[in-house]
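Structure, as structure tokens:
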Amino acid sequence: MIISSILDTDLYKFTTSYAYVKLFPYASGTFVFKDRDETRYTSEFIEALREEVQNMAKVCLTKEELEYMASHCRFVPRVYWEWLQSFRFEPERIQIYLDEQHELHVEVEDYLYKATLYEVPLLAVITELGNRLLGHVAERDNVLARLFEKVELSNRHQLPFSEFGTRRRFSFAVQDGVINYLNENAHYCSGTSNCHFGMKYNMKMMGTHPHEWFMFHGAQFGYKHANYMALENWVNVYDGDLGTALSDTYTSESFLSNFSRKQAKLFDGVRCDSGDEFEFIDQLVARYLDLGIDPTTKTIIFSNALDFNKALRIQKHCKGKIRCSFGIGTNLTNDTGYKPSNIVMKLSRCRMNVNQPWRECVKLSDDEGKHVGSEREVQACLYELGILGN
């Protein structure tokens, strides 16, 4: 049983779930799995995945977990955690099949405050099962030797980072071992995105909001207004807590052009999850200066496929310009000598309530080839944002 705790997921899944509960309780959505490497899966894998999905239905929030989350997440009210005690994953809501090319298809549809909770556990299960069925074994000494070098670099250069590796971890056991080591040895590790391990090791739980929050707003309210409205609604829910704004759902250029002085002052900083980090630093610093804000009072959190050497180069570029921190995932929890998975689950469509039509969701990454959505809707989004001409 790979998922044995409902807290074995990222904090932002709960914060986003609660935001849907508070503002959009009747909204529904469909999450769709994508393997960017177009991996070929087997029928044996499908059987194992379906068995793990059935096991997920047995997982529930325990009384001890409820008390921990209620006391350590002051920004999410206790009533949410009490509701979560009644929540169960429903296997019948998860469609799983192989197509003719043996590529894996997984879809989940439900009210968004529930559907969002499926994403990270399913990705973690798919990655771990893939490693098992391929006979991959993570050698503990090898993992720790690689980790030692990274932690030494962080300690030596005072490089601040958080562990963000749940969704594409090699396995639960590897992530557990990595976080245990970080907790004991990494002086500049600020916490983990995983709530279960945050509770187990008494580490700070890290996270704010995901691309899906902006994708939902884009589908429902229009792409031009999506960034502004998504941030305004986040403030309406959290009143200044969880103040890191995600910049790249509809390209960072579009985000920065809409980043108002009010939001720039209110949010503690911005998360950069795609594109050229060095260019983004200079662009964001310039935007803060244009708005009359001292950028050295703000923070960029970088989280795009980072390793520690790249993080160090970014830190040097930020010095004297703006604060920085790093969310490092796969390079911590799936650096075992085997090729790590490259999988995602994204919100593909949503509707405000059962009487409203479904609307396709789109994401425009700053990385070429990572746009999400049909070609027609991506083109429509680019046109509305003025990125494409008439």
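Residue numbers start at 1 and run along the sequence shown. Values reported hereafter were calculated over all heavy atoms of this structure, with side chains retained and with hydrogens, waters and symmetry mates removed. These numbers were taken from a predicted model, which means no experiment stands behind them.
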Go through the side-chain N and O atoms of [X] and [Y] and say whether any donor and acceptor fall under 3.5 Å apart.
X	Y	result
H211	D248	yes
R349	T30	yes
Y288	T297	no
K363	T249	no
N180	N183	no
Y118	D110	no
S274	N304	no
Q356	Y26	no
N309	R313	no
E232	Q263	yes
E384	Y250	no
Q175	T166	yes
Q158	Q315	no
T16	E212	no

Would you name the heavy atoms of [X] and [Y] that are closest together and state the gap between them?
X	Y	answer
T127	I343	OG1-CD1, 3.3 Å
N194	H196	OD1-N, 2.9 Å
L117	S17	CD2-CB, 4.0 Å
S193	D10	OG-OD1, 2.8 Å
S325	T299	N-CG2, 4.1 Å
P295	V285	CG-CG1, 4.0 Å

Quick one: do L332 and L182 satisfy side chain to side chain contact (heavy atoms under 4.5 Å, CB included)? Show the steps, please. CA-CA 10 Å; L332 284 172; L182 294 177; 4.2 Å; yes

Taking only Lys NZ, Arg NE, NH1 and NH2, and the carboxylate oxygens of Asp or Glu, determine whether K34 and E103 approach each other closer than 4.0 Å.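 Result for this pair is no, no salt bridge flagged.
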
Between [X] and [Y], is the ring centre distance below 6.0 Å?
X	Y	result
F87	F89	yes
Y80	F75	no
F216	F24	yes
Y18	F14	no

Solution key, residues 201-209 side-chain donor-acceptor pairs under 3.5 Å, sequence neighbours excluded:
residue	atom	partner	partner atom	Å
Y201	OH	D176	OD1	2.4
T208	OG1	T244	O	3.4
H209	NE2	T244	O	3.2
H209	NE2	L246	N	3.2

For the pair [X] and [Y], name the ring-plane relationship: parallel under 30°, tilted 30 to 60°, perpendicular over 60°.
X	Y	answer
Y111	Y113	parallel
H72	Y68	parallel
Y338	H136	parallel

T15 and V76: CA distance, side-chain angles, deciding distance, side chain to side chain contact (heavy atoms under 4.5 Å, CB included) verdict: CA-CA 7 Å; T15 58; V76 177; 4.3 Å; yes

Let me confirm one number: the OG1-CG distance from T251 to L382, rounded to the nearest 0.5 Å. 8.5 Å

Apply salt bridge (charged side-chain N to carboxylate O under 4.0 Å, His left out) to the pair D307 and K150, showing each step before the final yes or no. CA-CA 9 Å; D307 60 44; K150 298 166 188 175; over 6 Å; no

Would you say the side-chain atoms of [X] pair up with the backbone N or O of [Y], donor to acceptor, closer than 3.5 Å?
X	Y	answer
N342	R36	no
E107	E109	no
E65	T62	yes
R168	P340	no

Pair E119, V108 - check side chain to side chain contact (heavy atoms under 4.5 Å, CB included), show working. CA-CA 9 Å; E119 176 197 354; V108 178; over 6 Å; no

Report the C-alpha distance between H317 and D282 in whole Å, list the side-chain angles of each, state the deciding distance to 0.1 Å, and finish with yes or no for side-chain hydrogen bond (donor to acceptor under 3.5 Å, both in side chains). CA-CA 9 Å; H317 193 76; D282 296 338; 3.2 Å; yes

Qualifying residue for ring pair (Phe, Tyr, Trp, His ring centres under 6.0 Å) with F326, from F308, F302, F161: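 Testing F326 for a ring pair (Phe, Tyr, Trp, His ring centres under 6.0 Å) against F308, F302, F161 leaves exactly one candidate, F302.
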
Test side chain to side chain contact (heavy atoms under 4.5 Å, CB included) on F267 and V235 and set out the steps. CA-CA 9 Å; F267 279 82; V235 173; 3.6 Å; yes

Could you go step by step and tell me if R376 and E360 meet the salt bridge (charged side-chain N to carboxylate O under 4.0 Å, His left out) rule? CA-CA 10 Å; R376 183 184 69 176; E360 186 179 351; 5.2 Å; no

Are any of the side-chain heavy atoms of D35 and Y41 separated by less than 4.5 Å?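 D35 reaches Y41 side chain to side chain.
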
